[in-house]
Amino acid sequence: MVDEAHERSISTDIILGLLKKIRRKRPDLRIIISSATLQAKEFMDFFMRSSDDQASKGNGDAKDAAATIVSLEGRTYPIDILYLESPAEDYVEKVINVVFDIHTQESEGDILVFLTGREEIDNALEAVAERMAGLDARYGPLMPLPLYAGLSSEQQMYVFDKPPDGTRKVVFSTNIAEASVTIDGIVFVVDTGFVKLRAYNPTTGIESLTATPISKAAASQRAGRAGRTRPGKCFRLYTEQSYQTLPEANVPELQRSNLAPVILQLKALGIDNVIRFDFLSSPPAELMSKALELLYALGALDEYAKLTKPLGSRMAELAVEPMMAKTLLSAQSFGCLSEILTIAAMTTLSGSVWFHHDGERKKMETSRRKFAVEEGDHLTLLNAYQAFVTKGKKEAKFCHENNLNYKSMTRAVSIRAQLKRYLERFSINVDETLAGQASSSSSVDNTKKAEQIRRCLTAGYFAHVARMQPDGTFRNVEGGTVLYAHPSSLMFNRKADWVIFHEVMETGSKIFIRDLTKIEKAWLLEYAPEFYKVADRPG
DNA sequence: GAGCACTGC
């Protein structure tokens, strides 16, 4: 049974393609796909139409492929949908007006507001607090609460509390409340019609994260959050006319992502001809070729696009992105496997490692500087982890004092252990005793070890390279794209020359690189000669 | 001077 297939995530799309393939050998296999009503037919058509391979073999038996749509009545109560008569100029401002209108004019019941991100949510909370002061005494107070993934779980739990009598709860949430988190007692939904969506540009290799209009399917999912306990209302902060222009369904994640991990996984499952794979919706050819190029450059695929052994098949098994997988599998030869294991675990969580309460931003920066390592962010993360694991029972206190997210740090420990088990399965042994001794005499201060780590990172991240300009901004290797060190990086406002980075992302008007480490230009030619033979420019 | 959500045990 494949649930929530209409969300079109990479994993459900891939598994549907695989199941269709498996059904050719296992016609007795019954597959249940649950999805929103609107998309049901698309899934049925996918399973009914014969794939290319099937047609050529002439065994596309229509009876075997028979599929049925079974409709189940939802258990939700009726929901009134209301639209704006004219478009809103500033939807955050509009949100506040609508929240107060609901509070003063509608019956009891909590409110759920969909916004796009943390910044908007913080602004909305502030605006509600301001407006509350002027609220007529005959109305009870509002209890505004934030909800987004970046909050600690303790902070997230508040949204489930029942408000005191006479108080109305207003939850300002990101898309996390659309499907992942369900709050009971919501009677009113305010839908701004936007969501922040990741997209990957195969020409530049840059990901973007931008506010995008939602689909009709998402709009109905959001509205449905109002009718879980009794009839509700959904206020859409756009006109009915703009609603009609929205796309029916979400753009499948496979059509807007870096496909390198997907292709690696398909190859590992024995699907060599990934171009001919029976996708529910085919990804653009540019995404495919960009991913194949990267995997070839990393050595995971040979010149016939076959998975290499053992490198490619091992990379596919590791639950980290291909560039980090390559780094991990190179680490033994650089003599820094224990350290790279930690760095791999920490970078997967790097966004949530540092933690601060309201108004404690300065304190967090001071804490972070305590662990700072001149050579860059990866070594700084390693340093913080090594300090954490030596604290034993005092780990939680240590985190609290140093603005480290305890939950993230314990997760890093478990991810590291998991990655280590993978490597041991490949008979790659991790010598922790040596690393332990080194760390007690502060291995990170050891410049030789640091250089091994930086070289090893270059062997995996040679495609993510930038050079700092005299003005402090960075340029990519081609030279055309201006990149900024993310403010969370040590290289923000510091001098550097060549760096590798973990991630590049465009938000707002700037392109940020995150998790930077200084490298030598010569290492690029040493570890990725073919990749840089063409791309290299004088200087 | 700042990032939506999800996943790996």
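Hydrogens, waters and symmetry mates play no part in the numbers below; they use all other heavy atoms, side chains included. Just so it is clear: chains get the letters A, B, ... in the order the sequence lines come, proteins before strands, and each one is counted from 1.
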Given atom CD1 of A:Ile214 and atom C1' of B:dA5, what is their separation to the nearest angstrom? 15 Å
Taking any heavy-atom pair under 4.0 Å as a contact, classify A:Glu120: base, sugar-phosphate, or nothing. nothing
Measure from OH on A:Tyr484 to P on B:dG1 and round the result to the nearest Å. 10 Å
Taking B:dC9, B:dG1, B:dA5 as options, the one with an atom nearest any side-chain atom of A:Thr174 is B:dA5
Would you call the rings of A:Phe279 and A:Phe277 parallel, tilted or perpendicular, taking 30° and 60° as the class edges? perpendicular
Stepwise salt bridge (charged side-chain N to carboxylate O under 4.0 Å, His left out) test for A:Glu375 and A:Lys518: CA-CA 5 Å; A:Glu375 289 92 337; A:Lys518 292 180 182 174; over 6 Å; no
Using OP1 and OP2 only, check whether a side-chain N or O of A:Ser180 sits under 4.0 Å from B:dC6. yes
Residues forming a ring pair (Phe, Tyr, Trp, His ring centres under 6.0 Å) with A:Phe492, sequence neighbours excluded: none
Ranking B:dG8, B:dG1, B:dA5 by distance to the side chain of A:Phe492, first place goes to B:dG1
Can you measure A:Leu209 atom CG to B:dA2 atom P for me and round it to whole angstrom units? 14 Å
Any A:Tyr422 side-chain nitrogen or oxygen under 4.0 Å from OP1 or OP2 of B:dC9: yes
Salt bridge (charged side-chain N to carboxylate O under 4.0 Å, His left out) partners for A:Asp471, two or more places apart: none
Numerically ordered, the residues 2-10 of chain A set in heavy-atom contact under 4.0 Å with DNA chain B is none
For DNA chain B, which residues of residues 399-411 of chain A approach it to below 4.0 angstrom with any heavy atom? A:Arg411
Atom CG of A:Asp191 and atom CZ of A:Phe235: how far apart are they, to the nearest 0.5 Å? 12.0 Å
Measure CZ/A:Arg256 against P/B:dA5 and give the value in whole Å, please. 14 Å
Nearest-nucleotide wise, let me know which of A:Val320 and A:Glu207 is further upstream toward the 5' end of DNA chain B. A:Glu207
Distance test, side-chain N/O of A:Ser488 to OP1/OP2 of B:dA2, below 4.0 Å: no
Taken to the nearest whole Å, CG/A:Asn250 to C1'/B:dC6 is 14 Å
May I have the distance from A:Ile176 (atom CD1) to B:dT7 (atom C1'), rounded to whole angstrom? 14 Å
What's the CG-P distance between A:Leu197 and B:dC6, to the nearest Å? 14 Å
Charged N-O contact under 4.0 Å between A:Asp184 and A:Arg228: yes
Using the salt bridge (Lys or Arg N to Asp or Glu O under 4.0 Å) rule, collect all pairs that involve residues 307-323 of chain A, keeping only residues at least two apart or in two chains. A:Glu317-A:Arg425
By nearest atom, which of the nucleotides B:dG1, B:dG8, B:dA2 is closest to the A:Thr348 side chain? B:dG8
Identify, between A:Glu253 and A:Ala319, the residue whose nearest nucleotide on DNA chain B lies closer to the 5' end. A:Glu253
Using a heavy-atom cut-off of under 4.0 Å over every strand shown, decide if A:Ser414 touches base, sugar-phosphate, or nothing. base
Sequence neighbours left out, what passes ring pair (Phe, Tyr, Trp, His ring centres under 6.0 Å) with A:Phe462? Give chain and number order. A:Phe531
Testing the 3.5 Å rule here: is there a donor-acceptor pair between the side chains of A:Thr192 and A:Arg236? no
Does the distance from a Lys or Arg side-chain N to an Asp or Glu carboxylate O, for A:Lys94 and A:Asp90, drop under 4.0 Å? no
A:Leu490 CG to B:dA2 C1': how many Å, rounded? 15 Å
